[in-house]
Each structure stands twice: as C-alpha cells, then as structure tokens.
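Each remark here refers to the structure printed beneath this line.
Being a predicted model, the structure only gives us computed values, none of them experimental.
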Amino acid sequence: MLYAIDTDGQRIRPSIHKQLATDPYSGLPAQGITGEGLDYWRLIEGKYDAWALPNATWNLRWKLEFPEPLVEISIQGDHAKHVADVRTNKGTVLKFQARNLNEQQLREREVFFEQMVWIFRADKWDIELMFNPTRYRTTEGRDRQLPKSDSFKWVKFQSRHSKSVFKACKMPVFLDFGDDCIYWLNWQSKSNLNALYHPTQGLLKSYPKQQFIQKYSQL
C-alpha cells in the first residue's frame, strides 16, 4: 500500500526504510519499504485487505498517478470492508488487477463496489491481436503494434487461450499492455451471432493513458 498513518493521524508515504506506521484499514503495524525503486508500506503481519495483492508494483505505480485523496479509500459494505484502489469524487472505483480472477471473484468485486472500472495488466498475456492486416503476439522479441491513440478505431481482439471469463464483467474493462495507451475491451456480448461463431472475439479501442488518468483525477 502507498499510505499509512503516523502518530499524528496523518496519511504519509514512507521516507526511510523500516519506518513504522499504522495501517489505516486494519490498525495493524506497517513497515516502510524503500530503496527498491518504489516506496511503499507492508504490514509486519497479516494482510490489509483480503482482495489486495502483496507488493504489487504495477498496481502501486498506477495509484501514484492519482491525487492522494482519491487513493486507497476504505469502503464499508453490509457485511465486509474493502479498499478501493482509487475512488473518484463521483464514487466510481478504479480496480487495478494484476492477476486473473475467476467469474465468481469478478462478480464479487463488482457487486461490492457497484460502480467501478476494471484495469487489467495484460502485457504478459498469451494472446493474439488481429489488426487487418497486422498481427501482434505477446511473444518476446516482437515489436508491439497496438492501435494508435490518434485513430480511435475499433480492432478485433482474439485470445488463443480464451479470456472469455471477462464476458462476465458488467463493468467497463480496460487493458494495460505497458505502453502509453490504455485499451477498452468490448466482447460484443450483445451479438448472438458473434457469441455463436466467434466466442473469444471482441474489440479494442485505444485512449492515451494521460487522458484516462485526467478523466478520473478530478477532485
């Protein structure tokens, strides 16, 4: 996590290695981790949220792009409490997800947060992106040829190892391939013909990351 509570009750980032503070969500002691390229807090024991990923650098770097008041916001539900990676001033939760989830896990998070946007790490996915006439594979040694942000055109998306579990998502899904754009994924789930003959085919549309970040950073 990026923020912990000091003795004055203020949210702080770690400034020295092994600095001590308190996790604002569980009340457990946290220790500062520095000198690894990205400073963060780690609980000495336990886990601050059952849905959180420990030491998830990709998630932390995304959260650093947003204003501090919007980051790591605790939300109390009827029967559980979870931490939103980012919660905008309009109540939309951004969920940065670095590992695959099954359909039940996807639905649990959507039901809890109610109004949310998924951002999945996709730079290591074993997939094919079919752009007529360009083909891109996430294989080492090949250049990425994703759709350019200035085109805003839909392209076909096809997965050799199906990610069709994401058809279960009711909330918007964006993919991060590690470049300067973010890609909106649409499975064309409303098309019966597509579901019958092309069950793993969808569409991608690219947006500049900075445009995406700015949209959800308004205080």
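Put simply, the side chain of V117 reaches to within 4.5 Å of the side chain of T92, judged on heavy atoms. A 4.5 Å side-chain heavy-atom check between H82 and I75 finds every atom pair outside the cut-off. Two residues are said to be in side-chain contact when any heavy atoms from C-beta on lie closer than 4.5 Å; L43 and E45 fail this criterion. Contact of the L64 side chain with the L38 side chain is registered, since non-hydrogen atoms from C-beta on lie closer than 4.5 Å. By the 4.5 Å heavy-atom criterion applied to side chains, R121 and L175 are not counted as neighbours. Considering only heavy atoms from C-beta on, Y216 comes within 4.5 Å of L94 through its side chain. Residues I12 and W41 are in side-chain contact: their nearest non-hydrogen atoms beyond the backbone lie under 4.5 Å apart.
Taken from CD in Q97 to CH2 in W51, the straight-line distance is 10.5 Å, to the nearest 0.5 Å. One finds the OH atom of Y25 at 7.5 Å from the CD1 atom of I5 (value rounded to the nearest 0.5 Å). Between the NZ atom in K90 and the CZ atom in R87 there is a gap of 14.5 Å [rounded to 0.5 Å]. Here CZ of R11 is found 10.5 Å from CE of M1. Values are rounded to the nearest 0.5 Å. Atom CZ of F96 and atom CH2 of W62 lie 6.0 Å apart (nearest 0.5 Å). To the nearest 0.5 Å, atom CE of residue M116 and atom CG of residue D85 are 9.0 Å apart.
Summarising the local packing, CD of E103 is surrounded by 12 or fewer heavy atoms from other residues, nucleotides or ligands at distances under 6.0 Å. No more than 12 heavy atoms of other residues, nucleotides or ligands sit less than 6.0 Å from atom CD of Q104.
Nearest heavy-atom pair, S206 versus C181, reported as atom, atom and distance to 0.1 Å: CB-CB, 4.4 Å. Pairing each heavy atom of E72 with each of L2, the nearest pair is OE2-N, 2.7 Å. Counting all heavy atoms, side chain and backbone alike, V173 lies closest to W184 at O-CD1, 3.3 Å. For the residue pair Q218 and L70, the shortest heavy atom distance occurs at O-CD1, 4.3 Å. Looking at every heavy atom in both residues, I119 comes nearest to W58 through O-CH2, 3.3 Å.
Grouped with I44 in one hydrophobic cluster are L20, the linkage being side-chain heavy-atom contacts under 4.5 Å among Ile, Leu, Val, Met, Phe, Trp and Tyr residues.
Remark: F66 engages no residue in a ring-ring contact (aromatic ring centres under 6.0 Å, His included) (not counting sequence neighbours). Annotation: salt bridge (charged side-chain N to carboxylate O under 4.0 Å, His left out) contacts of D176 (sequence neighbours excluded): K209.
Note on I73 and Y3: separate hydrophobic clusters, where clusters join Ile, Leu, Val, Met, Phe, Trp and Tyr whose side-chain heavy atoms are under 4.5 Å apart, directly or indirectly.
Without hydrogens or angle criteria, E110 side chain to C169 main chain gives no donor-acceptor distance under 3.5 Å. A side-chain donor-acceptor contact under 3.5 Å links H17 to the backbone of T34. Counting only distance, with no hydrogens or angles, the side chain of R13 and the backbone of D39 share a donor-acceptor pair below 3.5 Å. Judged purely by atom type and a 3.5 angstrom limit, Q19 uses its side chain to pair as donor or acceptor with the backbone of S15. Side-chain N or O atoms of E114 include none that pairs as donor or acceptor with a backbone N or O of V111 at under 3.5 Å. Between the side chain of T22 and the backbone N or O of P24, no donor-acceptor pair lies under 3.5 Å.
Taking the six-membered ring where the residue is Trp, W118 and F120 present parallel rings, their angle staying beneath 30° rather than reaching 60°.
Between F174 and Y183, a ring centre-to-centre spacing not shorter than 6.0 Å is recorded.
Checking Q214 against Q210 by side-chain atom types alone, no donor-acceptor pair falls below 3.5 Å.
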- Task: Determine, stepwise, if the pair R109 / L101 fulfils side chain to side chain contact (heavy atoms under 4.5 Å, CB included).
- Result: CA-CA 10 Å; R109 287 149 178 76; L101 300 174; 3.8 Å; yes
